[in-house]
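Below you'll find the structure, written out as structure tokens, and then a few comments.
Below, read A as the first sequence line, B as the second, and so on, with proteins coming before strands; counting in each chain starts at 1. What you see below is based on every heavy atom in this structure, not just the backbone, and it leaves out hydrogens, waters and symmetry mates.
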2 protein chains.
Amino acid sequence: MDILPPRDASRDSTSGELPLSVVKAELFKALAHPARVRTLEILRDGPRSVGDLQGLVGIEISHMSQQLSVLRRAGLVTARREGSSVIYALKDPLVEELLAVARHFLLGALAETRNLLAGLQGEAPPT
Amino acid sequence: MDILPPRDASRDSTSGELPLSVVKAELFKALAHPARVRTLEILRDGPRSVGDLQGLVGIEISHMSQQLSVLRRAGLVTARREGSSVIYALKDPLVEELLAVARHFLLGALAETRNLLAGLQGEAPPT
DNA sequence: TGTCCATTTGATGAATTTATCAAATACACA
DNA sequence: TGTGTATTTGATAAATTCATCAAATGGACA
């Protein structure tokens, strides 16, 4: 991680946003895995037990539990115990909105070129 | 990365979204670093050269260039050469919206408890 | 052409994340 | 209490990302 220098407060966007950008990065980090995104997408349709999620996401149960703990720590989901199983749910409707905005952005990008993954454009800087 | 199993298409959210979740995760990965988030926040206020960004973000120039290449590959920013310098800009207004939604989510979470980083809650599953 | 400035690329070690396995914990129920 | 099911935790190797340095590239301009 970077060690931030004295800090240049000359611009507006530089003031008071240093910690926020770190926290935002943490949030995005929590979203930065296919299994976690899938999990949130599934939870959009309603609460689910760990076992259910595991089947739908298609990863090993202990891995599922680890991913859920990442989502929990980021405050993206809540968990409540129900009998012998634990039921997870989205914590905030803004999580759905975050996914929706991401989807719109990607669809827009796709409409224009098709290669976020293959990376044939946006690849090299202007020459 | 996970190797996805045959796939369970019994639920709606499971159909046709497997690749999208991977691409979304790529997008969030591109956002998952404080320097990159800062960079985008700065670019909200208008286009900037690499040198300017480097000063404002406060990381080494070659590191700055690397981070910009991550943002470029994710389609979050555009670059154009102007004389001897390269000017970066946000590519899509939805990038700003993504940051705004993230901020709202975090402010909401903060209002309720204060520990995404320290992780004193959302830490343990229900017992 | 040669030199300077701006930016990118490549190489590399350190740090972090991912995926897997084994073991622990929690609860239900006989 | 003991057994079975559900979930979490801990350990660990493999993969990825980060940060730093040195070298390469591109353009401006003398």
Starting at [atom1] of [X] and ending at [atom2] of [N], how long is that distance when rounded to a whole Å?
{"X": "E60(A)", "N": "dT18(C)", "atom1": "CD", "atom2": "C1'", "value": "12 Å"}
{"X": "E26(A)", "N": "dC18(D)", "atom1": "CD", "atom2": "C1'", "value": "14 Å"}
{"X": "L31(B)", "N": "dT17(D)", "atom1": "CG", "atom2": "P", "value": "14 Å"}
{"X": "M64(B)", "N": "dC18(D)", "atom1": "CE", "atom2": "C1'", "value": "14 Å"}
{"X": "I59(A)", "N": "dT18(C)", "atom1": "CD1", "atom2": "C1'", "value": "10 Å"}

*asked:* Tell me the bend of the helix from dT1(C)-dA30(D) to dA30(C)-dT1(D) as the angle between end helix axes, each from five pairs, rounded to the nearest 10 degrees.
replied: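 Comparing the first five pairs with the last five, the axes sit 20° apart.
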Considering only side-chain heavy atoms of [X], which listed nucleotide, [options], is closest?
{"X": "K29(B)", "options": "dC21(C), dT17(D), dT8(C)", "answer": "dT17(D)"}
{"X": "Q67(B)", "options": "dA19(D), dC21(C), dT18(C)", "answer": "dA19(D)"}
{"X": "S62(A)", "options": "dT20(D), dG10(D), dT8(C)", "answer": "dG10(D)"}

*asked:* Check R103(B) with E96(B), please: is the shortest side-chain N to carboxylate O separation under 4.0 Å?
replied: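 No.
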*Does E41(A) pair with K24(B) as a salt bridge, N-O distance under 4.0 Å?*
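Yes.
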Are OP1 or OP2 of [N] and a side-chain N or O of [X] less than 4.0 angstrom apart?
{"X": "Y88(A)", "N": "dT8(D)", "result": "yes"}
{"X": "Q66(A)", "N": "dT20(C)", "result": "no"}
{"X": "H33(A)", "N": "dA19(C)", "result": "yes"}

Using the side-chain contact (heavy atoms from CB on, under 4.5 Å) criterion, which residues pair with [X]? Sequence neighbours excluded.
{"X": "Q66(B)", "answer": "H63(B)"}
{"X": "I61(B)", "answer": "V50(B), Q54(B)"}
{"X": "A25(A)", "answer": "P34(B), V37(B)"}
{"X": "P47(A)", "answer": "R80(A), I87(A), A89(A)"}

Write down the protein N/O and nucleotide N/O pairs, taken from nucleotides 26-30 of chain D, whose separation is under 3.5 Å; answer none if there are no such pairs.
from: dG27(D); atom 1: OP1; to: T127(A); atom 2: O; distance (Å): 3.3

*asked:* So, taking the atom named OG1 in T39(A) and the one named CE in M64(A), what distance separates them when rounded to the nearest 0.5 Å?
replied: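 If I round to the nearest 0.5 Å, the distance is 3.0 Å.
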*asked:* Checking the side chain of R38(B) only, and the main-chain atoms of L56(B) only, is there a donor and an acceptor separated by less than 3.5 Å?
replied: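 A pair under 3.5 Å: yes.
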*Ignoring hydrogens and angles, tell me if any N or O in the side chain of R36(B) forms a donor-acceptor pair with the backbone of L68(B) under 3.5 Å.*
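Not at all, since once roles are kept as given, no pair shorter than 3.5 Å links the two residues.
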*First of V70(B) and V86(A) reached from the 5' end of DNA chain D, by closest nucleotide*: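 Final value for this comparison: V86(A).
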*Looking only at N and O atoms, is any donor in the side chain of S85(B) or the base of dC5(C) less than 3.5 Å from an acceptor on the other one?*
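By the distance-only test, no, there is no pair.
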